[in-house]
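Report on the following structure.
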Amino acid sequence: MADGTMTATFLAVIGGASLLAVTARRLRPSGRLPSLEGWALADRSLGPVWTWFLLGGTIFTAYTFTAVPGLAYGNGAAAFFAVPYTVIVSPLAFVLLSRLWTVARAHGYITVADFVRGRYGSPPLALVVALTGILATMPYLALQLLGIRAVLTAGGVYPRGAAGDLVMVALFAGLAVATYRHGLRAPTVISALKAVAVFVSLTAVTWLVLERLGGPGAVFDGAARRLGGDALALTPAQQPAYATLALGSALALMMYPHVLTAGFAADGPRTLRKVSVALPAWTGLLALFGVLGFAALAAGVRAPEGGAEAAVPMLVDRLMPGPLAGLVFGAITVGALVPAAVMSIAAATSFVRNVYVEYVHPTATPKRQVRIAKAVSLIAKAGAVAFVFGLRDQDAINLQLLGGVWILQIFPAVAVGLFTGRLHPRALLAGWGVGMAAGTYLVVREGFSSIVGFGSGPLEIYAGLAALLLNLIVAVTGTAVLERLGVPRGADLTDLPSRLTVRRRPETGANQQ
């Protein structure tokens with residue numbers, strides 16, 4: 001059971017998040033009429049500091065902060081694929097988010113499917129992009145709840161039975177109300193508390209753990225003894241899987257609706273470029289969480305079978321004083337609320353813009369669109385809660401693995417489409433279908449493992465990247481065939497070049513002489 005000081009600190013952090021959510025309406029209040037842009041994107045008004053809080057808090061979820069050390073606890077060095085993966089995200093965000101923001105702002109696009117609709121003039125392609133995003137987001141949203149439950153259970157803050165379920169419902173109910181009223185502004189202000197709490201608590205915990213266990217050398221030696229063999233270093237056979245998983249995960253992350261929604265809320269491309277440069281600070285935080293997974297091994301923590309993500313919370317509960325443990329548990333819990341809120345907003349906005357308005361009610365007023373989006377965001381959160389209570393934890397994890405593979409299949413339509421419009425929308429649809437089918441088959445065939453083997457070796461690589469390669473081959477080949485047959489394509493409304501060009505800087509006067 002948790003002691004009183006830990007529980008008090010935990011409740012103080014949660015209470016602080018609730019108070020901040022109430023003040024969200026004060027974040028750059030707007031006198032404009034209600035609009036989906038205002039509710040879902042905070043009127044595209046967030047400066048560099050707020051965007052760094054929001055984007056970092058959205059990308060680095062609570063489940064990531066428990067799953068990475070859990071993977072280190074159970075599998076060793078392979079867990080640290082998350083470090084290069086999140087490093088790769090920074091240059092991708094620098095290039096893709098800033099360019100996508102510019103196009104979206106010029107044409108009033110709110111979702112990435114809006115961009116696809118304008119770029120290719122293809123409602124069916126925009127629909128599959130929107131539905132893929134929603135499909136991939138829902139299990140990711142459920143995983144935030146699993147992260148909260150794992151942390152609270154390990155710390156003794158989560159009561160057994162119905163009482164524990166009520167705790168979970170109460171946490172999400174407060175989030176739902178704040179998001180319903182204030183839209184993206186609610187998770188934005190909470191993300192500031194998340195950043196402060198996580199950075200402060202993790203720095204303190206890492207320092208204390210290393211001191212009590214005898215320093216970094218003792219931690220790694222103890223972890224090596226528990227894992228056995230050379231588990232703290234990658235073998236040559238593991239390296240292709242490690243590299244492709246890092247690259248594929250980075251490409252997939254940039255396609256998730258919640259990440260793009262956080263990017264669209266910035267006040268300009270310059271802000272996004274500044275934030276992209278500063279994102280690796282969050283990566284350093286993630287690396288420290290991974291080291292704590294090794295520290296849990298060295299300290300002799302015995303996580304429940306199939307529940308390695310509880311290793312670090314159990315370590316914190318065992319070694320840390322009550323107030324610091326409560327701060328850590330509160331920080332991770334708040335860490336789940338930020339991405340969960342943004343995910344529900346992103347899913348609701350995609351549904352309203354690209355399903356409801358496109359196919360059900362084309363003349364819906366901005367006020368009605370906001371009302372429908374608010375209702376759908378509540379349904380998304382309720383669905384996530386029901387999912388967690390109704391299915392096994394492993395089911396949510398399996399669907400999240402599939403979600404990463406699925407969302408990667410919109411990369412050609414979105415990311416490639418930012419630089420060239422040569423790919424035919426029908427070919428992109430065919431490539432998407434092949435990639436979805438192939439990726440799903442590969443993951444299910446391997447017993448819901450995202451790493452799949454090829455050949456007699458075998459060569460092991462990330463299933464999502466293999467499916468994306470097939471997707472691109474079909475899209476490029478199909479485009480060539482359709483162009484040869486003279487099949488027309490939709491009108492491009494984005495003002496982007498039809499093919500990738502390199503703009504040369506004008507010559508200076510000195511060079512002209």
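Counting begins at 1 with the first residue of the sequence.
- The heavy-atom pair separating Leu36 from Ala373 by the smallest distance is CD1-CB, 3.6 Å.
- Without hydrogens or angle criteria, His361 side chain to Ala364 main chain gives a donor-acceptor distance under 3.5 Å.
- Heavy-atom minimum distance, Phe294 versus Ala72: CE2-O, 3.5 Å.
- Atoms CD1 and CD1, from Ile134 and Ile407 in turn, are 10.0 Å apart once rounded to the nearest 0.5 Å.
- When every heavy atom of Glu446 is checked against every heavy atom of Gly453, the shortest pair comes out as OE2-N, 4.1 Å.
- Under the 3.5 Å distance criterion, the side-chain polar atoms of Trp52 are left unmatched by any main-chain donor or acceptor of Gly47.
- In this structure, Ser344 contributes its side chain and Ala341 its backbone to a donor-acceptor pair below 3.5 Å.
- Residues Val259 and Ile59 form a side-chain contact, since some pair of their non-hydrogen atoms from C-beta on lies under 4.5 Å apart.
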Derivation of the side chain to side chain contact (heavy atoms under 4.5 Å, CB included) call for Phe60 and Leu285: CA-CA 9 Å; Phe60 294 85; Leu285 199 69; over 6 Å; no
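- Formation of a donor-acceptor pair under 3.5 Å by the His424 side chain with backbone atoms of Arg426 is found in this model.
- Contact check for Leu54 versus Val342: side-chain heavy atoms found under the 4.5 Å cut-off.
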Stepwise ring-ring contact (aromatic ring centres under 6.0 Å, His included) test for Phe199 and Trp282: CA-CA 9 Å; Phe199 274 86; Trp282 289 91; 5.4 Å; yes
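- Here the straight-line distance linking atom CG of Leu41 with atom CZ of Phe264 works out to 7.5 Å at 0.5 Å rounding.
- Here the closest heavy-atom approach between residue Pro48 and residue Lys274 is recorded as CG-CD, 4.2 Å.
- The two atoms that bring Ala427 and Leu482 nearest to each other are N-CD1, 3.8 Å, heavy atoms only.
- Looking at Val89 and Met254, their side chains come closer than 4.5 Å, going by heavy atoms from C-beta outward.
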Side chain to side chain contact (heavy atoms under 4.5 Å, CB included) evaluation trace for Phe419 with Val95: CA-CA 11 Å; Phe419 299 96; Val95 175; 3.6 Å; yes
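- In this structure, Tyr256 contributes its side chain and Met343 its backbone to no donor-acceptor pair below 3.5 Å.
- The distance from the CG atom of Leu465 to the CD1 atom of Ile451 is 10.0 Å, given to the nearest 0.5 Å.
- Salt bridge status for Arg105 with Asp267: absent, with no side-chain N to carboxylate O gap under 4.0 Å.
- Contact annotation: the side chain of Glu460 never approaches that of Pro240 to less than 4.5 Å [non-hydrogen atoms, C-beta and beyond].
- Under the 3.5 Å distance criterion, the side-chain polar atoms of Tyr242 are matched with a main-chain donor or acceptor of Phe80.
- With hydrogens and angles disregarded, no donor-acceptor distance shorter than 3.5 Å links the side chain of Ser35 to the backbone of Pro366.
- With values rounded to the nearest 0.5 angstrom, Ile110 atom CD1 is found 5.5 Å from Glu37 atom CD.
- Between Val405 and Leu401 there is no side-chain heavy-atom pair separated by less than 4.5 Å.
- Put simply, the side chain of Lys381 never gets that close to the backbone of Ala176: no donor and acceptor are under 3.5 Å apart.
- Side-chain contact check for Pro339 versus Tyr140: every heavy-atom pair is 4.5 Å or farther apart.
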Trace of the side chain to side chain contact (heavy atoms under 4.5 Å, CB included) decision for Val338 with Thr58: CA-CA 6 Å; Val338 173; Thr58 300; 4.3 Å; yes
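- The neighbour count for Arg445 CZ, taken as heavy atoms of other residues, nucleotides or ligands under 6.0 Å away, is above 12.
- The shortest distance between side-chain heavy atoms of Val443 and Val452 does not fall below 4.5 Å.
- Within the structure, the side chain to side chain donor-acceptor pair (under 3.5 Å) test picks out the following pairs touching residues 348-357 (sequence neighbours left out): Thr111-Asn354, Asp114-Arg353, Asp114-Asn354, Tyr356-Arg368.
- Looking only at distances, a side-chain donor or acceptor of Arg489 sits under 3.5 Å from a matching main-chain atom of Gly421.
- Sorted by first and then second residue, the side chain to side chain donor-acceptor pair (under 3.5 Å) pairs involving residues 76-103 (not counting sequence neighbours) are Thr86-Thr283.
- Atom CG of Leu55 is separated from atom CG of Leu272 by 7.5 Å, given to the nearest 0.5 angstrom.
- The minimum heavy-atom distance linking Ala40 with Thr261 is given by the pair O-CG2, 3.6 Å.
- By the 4.5 Å heavy-atom criterion applied to side chains, Asn471 and Val434 are not counted as neighbours.
- Donor-acceptor pairing under 3.5 Å is lacking for the side chains of Ser191 and Trp50.
- For the atom pair CG (Leu297) and CG (Leu227), the distance works out to 5.0 Å, reported to the nearest 0.5 Å.
- In this structure a side-chain-to-backbone donor-acceptor pair under 3.5 Å is present from Ser377 to Lys374.
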Check against side chain to side chain contact (heavy atoms under 4.5 Å, CB included), Leu92 and Leu251: CA-CA 8 Å; Leu92 287 175; Leu251 297 178; 3.8 Å; yes
